[in-house]
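Below is one structure, written out as structure tokens, with a few remarks after it.
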Amino acid sequence: MADTLPKGYEPKDVEDRWRAHWEQEKTFTPDPSAPGEPFSIVIPPPNVTGALHIGHALNLTLIDVLCRHARQKGKNVLWVPGTDHAGISTQNVVERALAKEGKTRQDLGREAFIDRVWEWRADYGHRILDQIKALGCSVDWTRLRFTMDEGLSKAVRKVFVQLYDESLIYRGDYIINWCPRCHTALADDEVEHEDSRGHLWSIRYHLEDGSDSVVVATTRPETIPGDTAVCVHPDDERYRHLVGKTAVVPGVGRRVPIIADSYVDREFGTGALKVTPCHDHNDWALGRTHNLEFVQVIDENGVMKEAAGPYAGLTKQACREKIVADIEAAGDLVKVEELQHAVGHCYRCHTVVEPHVSAQWFVAATKLAPAARAAVPELTRIFPETWLKTYYHWLDTIRDWCISRQIWWGHRIPAWTCAGCGKLIVAVEDPSQCPHCGCRELRQDEDVLDTWFSSALWPFSTMGWPDDTKELARWYPTNVLVTGFDILFFWVARMMMMGLHFMGKAPFAHVYLHALVRDAEGHKMSKSKGNGIDPREMIEKYGCDALRFTLTAFAAMGRDIRLSEERIEGYRHFVNKVWNASRFAMMNLDEAAPAPVRLDTIEGLHHQWILHRLEAVKAEMDRALEEYRFNDAAQAGYKFLWSEFCDWYLELIKPDMQAGQERKATAQYVLWTVLRELLVLLHPIIPFVTAEIWAALPVAAGEKATDIALEPYPAARPGCVRPDEAARMELIQGVIVAVRTIKAELNISPARKVHLLLQPVDAVQMALLEANRHMLETLARLETLDMQLDLEAPKASASAVVLGCQVIVPLRGTVDLAGEMTRLDKELAKLEKDIIGVNKKLQNENFVSRAPATVVEAERERAARLVDSKTKLEALRARFVEAMAEG
RNA sequence: GGACAGUUAGCUCAGUUGGUGGAGCAUCGGUCUUACACACCGAGGGUCACAGGUUCAAGUCCUGUACUGUCCACCA
């Protein structure tokens, strides 16, 4: 007996050992000059503040499956790990910590605050990395990256300066989304729109000369002091006469023009619109086209500015109340309605964002987008393809990307203003003096870059760009990017733009967008809802492999995953099953590996069958993974191991093992071979349990024990593909199941051995059954087995027909005769129904003449089989009825 | 308003090119059969959302409807 394994699989200890082993041995650190087709993936860098959540677990598991599989296929695999500095999030976390000490970042000052963030990162930044390790990810830890690393920061500066020089980065006044709490600008897609209930106020604006008036509708009366026009649709008969006249803004008395623009929706509200260019995105655009005055009345803290006249100093909320009251008092409040409308919120802190005009830096995304669009699908394919249109649409309607943020933690913008000449200097290295006037007094821009700016460079910055590295030469572009569709725009599209612009190549050949993990009710998991499943807890409870298998098995393309703890618990059973099947194998193997047996000419139907099935599963899992059908790969492995290898094959070789000698030796070799290959197939999904078993299995003479992580994908064995032999197993299995069913339904104890009579259809079938009688005897638990082509069966028998073979179990003593009668009738009714169905088809002239000949032939055969079964069963039933009459 | 997905057994989901509707869990009955009770054996359970159409044949292809969900854009 070879090494024994503990009775149940205990993941904790096993996982810890293998994690340490792989890290110490640098198993997943590739050599750029090693042979093999390159294969690379960059990790979607988790926030350094983050804790591993179930979405990461899914993402990392799928990537790991791909990487381990690629390694098995002989590829030179690089998986780069790393974290993202997550500007706003991290700053918020550290500010909260400071608040507990009663301090603000302003108290510390910029430099001390940033030092403080680095300290925080040193203390807590490894947490998320440890959690990645817990998942068993085969990343190269020697190439760990962080977006604020020196190298990556250099890449950021280089990109910024080059884009600036190419006029693809510019600075300008623009209306942006301002988070009054985070005190920073947000990019368009960092704003989340949510429906909320508000009001729509209809307010009368009088003409300057008092001759007429116009009623406008607004949801934000506090912006009235910033109005610089009233706008109507040019074709609107109601207002045509007013266009070109001058209206008076209530409260502040400003004289503003009434303009016409087809942007206005005549159906909405009153069909007349007040225009506040500084506090609304659309009004901003109107202001530009119509050369309106730009008056800012709300400051960055949400307080009314000087320009708001009588309302200056009020908060915007207080201003709203006061201005509405004033207008009402003046008799100009025409109507107040309830209105459901979307309001923008900060995606980090959920504060309502305020459109705000300020000087910001922008990337001319409109100029970079066309290349990113054109690259798909020629250079980069997106899986599943349903995201194609979304990707195109986003790029087609893209606006320039606001990249400056008014926070401290991040890549500071490499731009300086000269105190002497006032010119702007943009440079990779910090300048010591102004290149224009020589002045030494330079002031660096206070802002930092949007976190996604550095993330956009990730595929090449992590490989050492802008230096000319071996990594870049070998592994750029990457093979596939695996990520959630929720960051298709934030991240994927921007990496496409930057990769194409700076590397001249799309950063990945494939993009696989996986699903979102939801709870059992289909809701998005979130901390605030408290419905999240904590992967760390699941690993602790059920083992990492169980979690990984669950996620893989549910990762069907383009579909969200509804996860619950029960499912993970369920798949733990599978991991345990792998373990126990291996224990069984080990109990039946010797210390040394079994002596090789030629497999393509092997005797024994069960061996031929399992080897044939193994070939099929090898091909199937490989193809499924190549096509990102993770669930199919997992399902194929699951089914083969459990329903075929364990339920049938292991049971069938038990007698072989007892028989000893050559029969045993053959069974040992096939068992050893199939199990080893199966472990390799499953390893990408469940690395720990397979590694542990692999290490305990005997090794072929002259070979050294190896790490399963380095084992190649099992080669195809074409000689073992034997569909005919495999099909013959169906007869054996069918007869066994028939006997088991008879026992179960007639309440005969499964342990009770019965006599079995078989009447095969012909000599060939009889020979097959005869040759495999030991399988029938063992698995059907038979006392005796007799078979004859012409059989006189006892009248009191339970019976069934399997592939034409009559299966007869003589009933003795106190058996449930009525039960057998019910059983037969039910079976006959089913046959009858099927026969009617087939005959209907065959009697259809159109079917016979138009369907392919093979299909028609198959139907005829099926009909014949059904009729044959029915005839035989009816005869058996007739005898049974006689027996009952006699009995 | 635009785009995309989903609707199949009590639950969660598979269903590849149209050709006899599957799995896991759950349920019911029976078993300690020398790896596994985290197991084994067996059983029940479905007008494939609805309505049309194409076809000899539709869960599968086409059109429409209903419901659910997601994303984008927002009309002040």
Side-chain angles (χ1 to χ4, degrees), chain A residues 5 7-9 189 193 200-201 216-220 223 231 263-276 280-283 339 341-342 344 384 386-387 389-390 393-394 397 485-486 488-489 516 518 520 522-524 542 546 553-554 556 558-564 566-567 569-588 623-624 627 629 631-632 635 638-639 643 646-647 650-651 654 657-658 737 740-745 747-751 778-779 781 834 837-838 841 844-852 854-856 858-859 862:
Chain A
L5 297 167
K7 192 169 171 185
Y9 176 57
D189 48 13
H193 293 274
L200 183 66
W201 286 269
V216 304
T218 179
T219 54
R220 302 196 55 203
T223 64
C231 189
Y263 155 77
V264 177
D265 177 355
R266 277 170 282 184
E267 308 299 316
F268 189 88
T270 61
L273 169 70
K274 67 181 210 59
V275 184
T276 320
D280 181 277
H281 289 96
N282 296 308
D283 292 5
L339 180 74
H341 68 136
T386 47
W387 289 102
K389 278 179 85 168
T390 310
H393 181 255
W394 189 77
T397 56
F485 58 77
D486 49 329
L488 177 62
F489 308 136
L516 235 52
R518 300 173 182 281
H523 300 118
K524 211 165 165 172
Y542 305 109
F554 279 103
R559 224 174 146 139
D560 286 346
I561 298 176
R562 289 194 183 194
L563 193 68
S564 66
E566 292 78 61
R567 301 194 219 299
E569 195 183 349
Y571 280 111
R572 174 182 57 163
H573 301 340
F574 175 71
V575 175
N576 197 51
K577 190 76 178 173
V578 175
W579 181 260
N580 277 301
S582 305
R583 279 184 67 222
F584 170 82
M586 232 124 22
M587 293 166 98
N588 287 285
R623 207 176 55 234
E627 294 168 4
R629 290 182 288 112
N631 57 324
D632 288 339
Q635 227 38 260
Y638 185 100
K639 207 169 170 236
S643 311
C646 290
D647 288 351
L650 295 187
E651 296 303 325
K654 279 176 182 173
M657 293 303 180
Q658 275 159 7
V737 169
R740 284 173 178 169
T741 307
I742 286 170
K743 283 191 188 179
E745 299 207 338
N747 287 317
I748 300 170
S749 161
T778 316
L779 297 200
R781 302 196 144 239
D834 287 353
V838 183
K841 238 178 176 181
N844 182 345
E845 189 54 40
N846 284 324
F847 173 70
V848 180
S849 58
R850 297 200 196 178
T854 51
V855 174
V856 176
E859 287 299 314
R862 181 163 170 252

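Reminder, nothing fancy here: chain letters follow the sequence lines and each chain counts from 1.
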Euclidean distance for [atom1], [N] against [M] (whole angstrom):
| N | M | atom1 | answer |
| --- | --- | --- | --- |
| B:A58 | B:G21 | C1' | 12 Å |
| B:A35 | B:C40 | C1' | 12 Å |
| B:A49 | B:U7 | P | 7 Å |
| B:U27 | B:U33 | P | 24 Å |
| B:U68 | B:G24 | C1' | 24 Å |
| B:G59 | B:G19 | C1' | 13 Å |
| B:U12 | B:G6 | C1' | 14 Å |
| B:C41 | B:G15 | P | 27 Å |

How are the rings of A:Phe554 and A:Tyr571 set to each other: parallel, tilted or perpendicular (split at 30° and 60°)? perpendicular
Between atom [atom1] in [X] and atom [atom2] in [N], what is the gap in whole Å?
| X | N | atom1 | atom2 | value |
| --- | --- | --- | --- | --- |
| A:Asn747 | B:U31 | CG | P | 9 Å |
| A:Ile748 | B:A43 | CD1 | C1' | 16 Å |
| A:Tyr9 | B:A39 | OH | P | 16 Å |
| A:Arg623 | B:U16 | CZ | P | 13 Å |
| A:Phe847 | B:A58 | CZ | P | 12 Å |

For [N], does OP1 or OP2 lie under 4.0 Å from any side-chain N or O of [X]?
| X | N | answer |
| --- | --- | --- |
| A:Lys577 | B:C40 | yes |
| A:Lys639 | B:A14 | no |
| A:Arg740 | B:G42 | yes |

Between A:Asn576 and A:Tyr9, is there a donor-acceptor pair closer than 3.5 Å when you use the side chain of the first and the backbone of the second? yes
Would you kindly check whether a donor in the side chain of [X] faces an acceptor in the base of [N], or vice versa, at under 3.5 angstrom?
| X | N | result |
| --- | --- | --- |
| A:Arg567 | B:U12 | no |
| A:Glu651 | B:A35 | yes |
| A:Lys389 | B:C4 | no |

Give the dot-bracket line for RNA chain B from 5' end to 3' end: parentheses for intra-strand Watson-Crick or G-U pairs under 3.5 Å, square brackets for crossings, | for inter-strand pairing, dots for unpaired. (((((((..((((.....[..)))).(((((.......))))).....(((((..]....))))))))))))....
pair A:Lys577-A:Cys646: side-chain heavy atoms closer than 4.5 Å: yes
At 4.0 Å (heavy atoms only), tell me whether A:Glu845 reaches a base, stays on the sugar-phosphate, or touches nothing. nothing
Which sits closer to the 5' end of RNA chain B, A:Ser582 or A:His393, going by the nucleotide each is nearest to? A:Ser582
Does A:Ser749 or A:Leu650 map to a spot on RNA chain B nearer the 5' end, using the closest nucleotide for each?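 Comparing both residues, the 5'-ward one is A:Ser749.
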